[in-house]
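Structure first, commentary second.
Naming: A, B, ... by sequence-line order, numbering from 1 per chain.
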Amino acid sequence: MNENFHTVLLKRVEQHANPGLEAYRADGGYTGLRVALQLSPADVIEKVKQSGLRGRGGAGFPTGMKWSFLPKDHPGPIYLAVNADESEPGTFNNRVLMEKDPHQLLEGIAIACRAIGAKTAYIYLRYEYGRSYRTLQRAIDECYAAGILGPRVLDTEQSLDIRLHRGAGAYICGEETGLIESLEGKRAWPRIKPPFPAVEGLFRKPTIVNNVETIACVTHIFARGPEWFRSMGVAPDPSNPRDLGSYGPKLYGVSGHVERQGLFELPLGVTSRELIDRCGGIWKGRNVKAVIPGGLSTGFLTADEMDVPLDFSGPVKAGCLGLGTAGLIVIDDQTNIVDVLFNSSRFYAHESCGQCTPCREGTRWMEKILERFRNGEGTERDIDLLIEVSETMGIIPGTTICGLADGAAWPVKSALKKFRGDFVEYVRSGRRAPASRLALAH
Amino acid sequence: MTTQVPSTATLNGQEVALPEGESLNAIQLALRAGVEIPHYCWHPALSVVASCRMCLVEAGQIGQGGVLAMQPKLVPACQTPVKPGTVIVTNSEKVKAAQNQVLEFLLLNHPLDCPVCDQAGECKLQDFSFRYGRGYSRLKEPKVQKPDKDYIGDQITLFTDRCVMCTRCVRFTREISGTGELQVIQRGSHAEIDIFPGEPCDNKLAGNVVDICPVGALCSKDFLYKQRVWWLESKESVCPNCSTGCSIHVDQNENVVYRLKPRHNPQSQGHFMCDEGRFGFKYQGSPNRLKHPLVRGENGSQAPAIWDHALRSVRNGLQQIATSRPASLLGILSPWMTVEEAYLLASYLKSLSPEIRLALGPLRVEGEDDRYPKDVHGRAVEPTKFTIRAEKAPNVRGVEAVLRHFEGGVIPAEQLLPAVGTGEIEAVYFAGGDPDFADDADFAATLATAKFLIVQDILASPVSEAADYVLPGGTFMEKDGTFINHAGLAQAIRRAVRGPEEARPDGRILWELSGRTGLFHAANLRKEIAANVPELAALAVGDLGAFGVRTSIQLEGADDDRRSAAEVAAGVS
């Protein structure tokens, strides 16, 4: 499958190309920006709409539509905030793009800013990405020196500044309004909506927040045309009028119990089975037990669901929260899901911002209940309690300000539905988790 | 045909009319319909954060064509604006389940130390758990424990693990005082309220964070462990410490006042009060209180007397001077007197002789009006949300109105003091009430030289020591009456405790002095005042209610006052 696909986003990465501006230009870089600068902002947005691009950050919101939510004829300033706080466990797509080929991101930013009328763009980078920070800053400096950034972008009337902002290490800063608060110098407590950022965002001005990979896709849509982008992926399900289809190439990061973990660029709709095959199969000759399709919070696909297409709607049909970030975590059949969940719930309890009651208290409680099982003290009633707590925290659509509580509750709900036996095994055997597995918890 | 959007909103199937020109959220709508939607983080004077999730309700909207569309999920009522056609459901099984679950979450790590908690009895965790919660916790593991912080402020201590993280206190210091001392530290279930090291929460409005804390986390050091709140009896009153006239509760038990708390009054200050007022009532129990009528005897020293004797002697003395040299008698009316007291004294003295002069007693003015919120440099920021006024007296406007009526104008006592020094004025009836008037030592010293001096006051002072007659009066907590604030709002103070020993409410002293029959009764006297003093005609209602009555009083000088009046009208002062 997908034998004829040629990578685009990762093309230069795979060629070990020089990440510098000169080499990027020699490979045809910044031609997409020239195209965009000759179009009116409305036409730029229209092209992105035509391409069918949906956000790569996790929610899959149509990018062109998001841009068109900005208030009309706003006097400005309008901001673009690029979400590079990639902190969903199991996800490393953006990192590779920023470390190895930063200019395709910067070009995309310039195109997006042309579309939305922004003169300043912020890249909100997670603190731990030190190498990304250095390569991005070097690339930005090159662009200023070459007249791509600054008062006259490529000798046009357009001006653009890109500011690289390094976060201080919190998962919640990846939530778009948490990110905005953090950029403003405040605690990253997500805001209540409305108003949505497109109306009132950074510094209370209209703001578009897009993921790194989304913006990188924009670059290639302008270099190759929206038809190219739309030529791959999965068309909408005709029986579902709300399905917008899943077009374009997508980065899939695979980690966990496979022989060779890695990052793959493939058209949307590839299956877990194909990705595991590309990784050399499950490690140690074992079988697959489950796959988390897109970052920890999406839930589990079982071994029987390995052929679910990993597009924006496939995982949902299989009971997952969504495609998420397409950072797959593969779990072998020697693993008890309770142990996986304990690790994940520790993460969410650690990262809950503490603002909303159900999330602040519920994430920690879930961790404690899972610990009961692992200590051999869990009961059948605790299974019901866990179901109840997870449903209180994250009734989709959620009862909290942002999606963290939903994201924390969903894997628990998904596991209790698909792997209840693993809980029962802990309860019936009364055994404690082996010491080696306790080490899973940081 | 009912295909139109209705003009009302619907709450639990009951139609609720919407007020003109006022936007409500679902909590406020419910309140109007007599339904409680439990909430912690929402406070009417603070921004909406919708984080406690206690107020989740079902909400929907009747659109064009009369079709009702309910939102698929529960929404926070505080963040749900009510429009015509809005439908709110607060009593469905779904809502009850959510309330129950949020309360279980809130109590998971709460220490449940209610027996030793100051808030017990007036705690929203207790109340809402009782009404909406469950009887037991399913947490088996140890609770998260957090250290108590007695360093939050001079007057404030924090029981950290009782906190429900509603952040009302943080928002108060950011939005109302503007001083921003409080913040959240740590994250998730370890989140705590704290200060920046070495920057305690000691602003002049700091005490309010204790009031707005819905649980027992922030406590007042002054009140801590002094009383179980269910023994306290509360009286509606007015803070006398400046001319803002904050509406308050006076909380007492067995004749001891334990605390003052602000009482919401959209017509005066809004929701809050300042710490000067909040903690500035301790003189009520001072050992320095005047406790007995005193009469200077033949031997030249003051001796206790019974009231009847003292009043008869005072009356005789005043009548003698009024007959012989009325222009040498001066009545000084403190701006700390109630309207009723000022009226009784002024009308009595003028009935003895119209030539007796009346003056406004010492008015302490300290600096300039102190407006909040402040910016980081301590400068006031518009719009003003709270003002501590420079005029340190509760009833300047009311006493001035009485003086204008009886004297034709307002003469400050300081102007006439030289005449006391020269002997031109021989006799002075000094009615005080300001616990700190003697801070002006020159004033007190000159006044003490009067040949014939009657002092009606609450605390012993150089002036009372020089007096021929001392009539021990009552503090604002010991009497009924009316204070008129800077903007002309007349509010009632109500007797909460008895004065010490033989001290009497000033109204009763003056009532008996002027030979009136029957008993002093503030509401009845207000009607008499209204009939005689046109500026105070609004007092005709007698009962001023909880929020007071606006008078047509002449506001002097000023843009400042007019602006303040506008602020008051907007309910933001």
Side-chain angles (χ1 to χ4, degrees), chain A residues 168-173 186-194 346-372 375 377-379 381-382 384-386 388-402 404-406 408, chain B residues 39-42 47-57 71-76 78-81 94-95 97-110 125 134 137-144 163-167 170 174 180 183-193:
Chain A
Y171 176 66
I172 200 63
C173 293
K186 301 175 192 156
R187 246 180 116 77
W189 275 14
R191 294 179 181 173
I192 50 175
K193 297 126 212 160
R346 262 191 98 123
F347 173 79
Y348 289 112
H350 183 66
E351 296 295 346
S352 167
C353 81
Q355 193 176 196
C356 303
T357 307
C359 179
R360 177 182 69 239
E361 304 295 339
T363 50
R364 184 71 66 194
W365 196 16
M366 250 170 18
E367 180 201 334
K368 287 178 176 172
I369 297 169
L370 286 160
E371 206 171 5
R372 279 183 210 172
N375 287 339
E377 294 162 358
T379 64
R381 280 176 69 182
D382 289 330
D384 296 336
L385 177 59
L386 204 51
E388 193 189 322
V389 173
S390 63
E391 293 198 334
T392 308
M393 280 174 56
I395 311 158
I396 298 289
T399 52
T400 48
I401 290 173
C402 82
L404 195 148
D406 299 314
Chain B
H39 58 272
Y40 292 105
C41 65
W42 182 75
S47 62
V48 175
V49 289
S51 64
C52 74
R53 300 280 141 175
M54 191 65 238
C55 69
L56 292 176
V57 294
Q71 294 196 43
K73 61 176 178 176
L74 297 176
V75 295
C78 64
Q79 198 200 336
T80 304
K94 208 168 148 189
V95 173
Q99 290 171 337
N100 183 292
Q101 285 153 344
V102 169
L103 278 165
E104 184 172 25
F105 282 138
L106 285 171
L107 288 181
L108 278 184
N109 289 303
H110 186 86
L125 261 182
R134 59 188 306 131
S137 171
R138 292 176 290 181
L139 178 84
K140 294 178 187 163
E141 290 75 14
K143 296 182 182 226
V144 176
C163 176
V164 294
M165 292 307 296
C166 71
T167 70
V170 175
R174 288 182 185 170
Q183 57 173 331
V184 178
I185 63 161
Q186 308 288 13
R187 200 165 64 191
S189 59
H190 294 288
E192 297 171 20
I193 302 296

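Looking at residues two or more places apart in sequence or on another chain, you find a side chain to side chain donor-acceptor pair (under 3.5 Å) between E388(A) and R138(B). Remark: C163(B) pairs with M165(B), I193(B), A217(B) by the side-chain contact (heavy atoms from CB on, under 4.5 Å) rule, at least two apart or across chains.
With a 4.5 angstrom heavy-atom cutoff, P76(B) does not touch chain A via any of its atoms. Both the backbone and the side chain of L139(B) come within contact range of chain A, with heavy atoms under 4.5 Å apart. Neither the backbone nor the side chain of K186(A) comes within contact range of chain B; no heavy atoms are under 4.5 Å apart. Only the backbone of I185(B) comes within contact range of chain A, judged by heavy atoms closer than 4.5 Å. For E371(A), no part lies under 4.5 angstrom from a heavy atom of chain B. Looking at V75(B), there are no atoms closer than 4.5 Å to chain A (heavy atoms on both sides), in backbone or side chain. Both the backbone and the side chain of I192(A) come within contact range of chain B, with heavy atoms under 4.5 Å apart. Within the 4.5 angstrom heavy-atom criterion, only side-chain atoms of L108(B), from C-beta onward, approach chain A. Contacts between Q186(B) and chain A at a heavy-atom distance below 4.5 Å involve the backbone alone (N, CA, C, O).
Nearest heavy atom pair, residue I401(A) against residue K193(A), reads O-NZ, 3.7 Å. Between R53(B) and V102(B) the shortest heavy-atom distance is O-CG2, 3.3 Å. Residues Y40(B) and C52(B) share a closest heavy-atom pair of N-SG, 3.4 Å. Minimum heavy-atom separation, M393(A) to D406(A): O-OD1, 4.1 Å. A191(B) and V184(B) get closest at one heavy-atom pair: CB-CG1, 4.0 Å.
Contacts with chain B were tallied for R360(A), E377(A), R364(A); R360(A) has the most, counting heavy-atom pairs under 4.5 Å. Per-residue heavy-atom pair counts under 4.5 Å with chain B were compared for P194(A), A170(A), P358(A), and the maximum is reached by P358(A). For the options K368(A), R191(A), Q355(A), heavy-atom pairs under 4.5 Å to chain B are most numerous at K368(A).
Here the side chains of L103(B) and M54(B) are in contact, with some heavy-atom distance below 4.5 Å.
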